[in-house]
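Heads up: the structure comes next, in structure tokens.
Scope of the values below: all heavy atoms of this structure, side chains included, with no hydrogens, waters or symmetry mates. Atoms within each ligand, like the ligands themselves, are counted from 1 in listed order. Just so you know, residue 1 is the first one in the sequence shown, and it goes up from there.
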Amino acid sequence: MEVTLSLFIISFFLILSSFLNVVAIRIPKGESISFPPSHCVKCSHRLRPLDLIPIASYVLLKGKCRYCKSPISIIYPLGEILTTSLLLFTYFQTGLSKELYVALPLVALLCTITISDLLYQIIPNKVNLFFFLYFSLLHFYYAPLPYTDYLLGILAGGGLLLLIALVSRGGMGGGDIKLMAVVGMAIGWKLTLLSFFIASLIGGIVGFILLVTKKVKRKDPIPFGPFLALGTLIAYFWGVELIQAYLFFILGY
Ligand SMILES: [Zn+2]
């Protein structure tokens with residue numbers, strides 16, 4: 001029974017992550033997620049079910065299209081591995097509780113926008129809007145915090161990044177601003193501020209390393225979405241402990 005259930009859960013997350021990856025790859029290009037059916041981006045050859053097994057197909061085909069042999073971006077299988085692992089991690093971290101209504105969609109959102117941002121430097125409006133509506137309705141049914149905390153979250157996430165965008169004149173993309181408004185609606189203003197703080201910290205360190213090792217030039221844009229996603233993930237799962245540790249070590253109580 002245990003084995004059957006585990007297999008079911010793993011297959012469910014594999015299929016879900018495959019779907020989220022299709023969303024991440026197609027929506028920014030203005031394509032429909034159902035039509036045309038899965039095809040090679042180079043030769044447009046329609047892919048058969050055997051070419052579409054998550055992760056396994058990529059390994060078996062050695063990263064090349066079966067039909068035209070052109071290389072397939074490593075972001076596709078990595079995106080699926082990342083999404084599946086994070087969904088599984090979330091499930092084990094949260095357990096079977098109502099919090100899964102927040103946790104799974106939040107992780108789904110973060111994975112989807114990370115892949116889109118890495119591939120195209122776009123965080124799609126449609127994805128942001130979908131999850132914004134979802135979380136604003138969900139919190140009428142299930143909300144660990146007062147509803148006002150979520151409304152303030154929109155302000156804390158979206159407002160703060162908008163302010164930075166205005167001050168820095170384009171240092172922050174519109175997609176980043178909207179994403180953090182959605183995160184605010186999902187987890188409330190306190191954890192949203194922490195998410196942004198962690199994202200800036202990690203983004204700053206990584207940006208600095210990339211500059212010093214000459215992987216990027218000063219003017220090269222580095223997509224900030226993946227850092228916002230990582231910051232949000234850390235704040236969501238360990239935020240309370242981080243704040244407690246901070247207060248304890250820095251302020252002594
Ligand atoms: Zn091809």
Discussion item. Restricting to non-hydrogen atoms, name the atom on P105 and the atom on V102 that form the minimum distance, rounded to 0.1 Å.
Written reply: CD-O, 3.5 Å

Fill in: Nonpolar side-chain network containing V212, other nodes, edges under 4.5 Å
F208

Please output the side-chain donor-acceptor pairs of residues 188-203 that fall under 3.5 Å, not counting sequence neighbours, one pair per line with the distance.
from	atom 1	to	atom 2	distance (Å)
T192	OG1	G188	O	2.6
S195	OG	L191	O	2.6
S200	OG	F196	O	2.8

Discussion item. Between Y147 and L155, is there shared hydrophobic-cluster membership here, with clusters defined by ILVMFWY side-chain heavy atoms closer than 4.5 Å?
Written reply: no

Discussion item. For the NZ atom on K29, are there more than 12 heavy atoms of other groups (residues, nucleotides or ligands in this structure) within a distance under 6.0 Å?
Written reply: yes

Practice prompt. Spell out the protein N/O/S atoms under 2.8 Å from the Zn ion (ligand 1) as residue plus atom name.
Written response: C40 SG, C43 SG, C65 SG, C68 SG

Item to complete: Please write out which residues are connected to L133 in a hydrophobic cluster, directly or through intermediates, given that two of Ile, Leu, Val, Met, Phe, Trp, Tyr count as joined at side-chain heavy-atom separations below 4.5 angstrom.
Response: L129

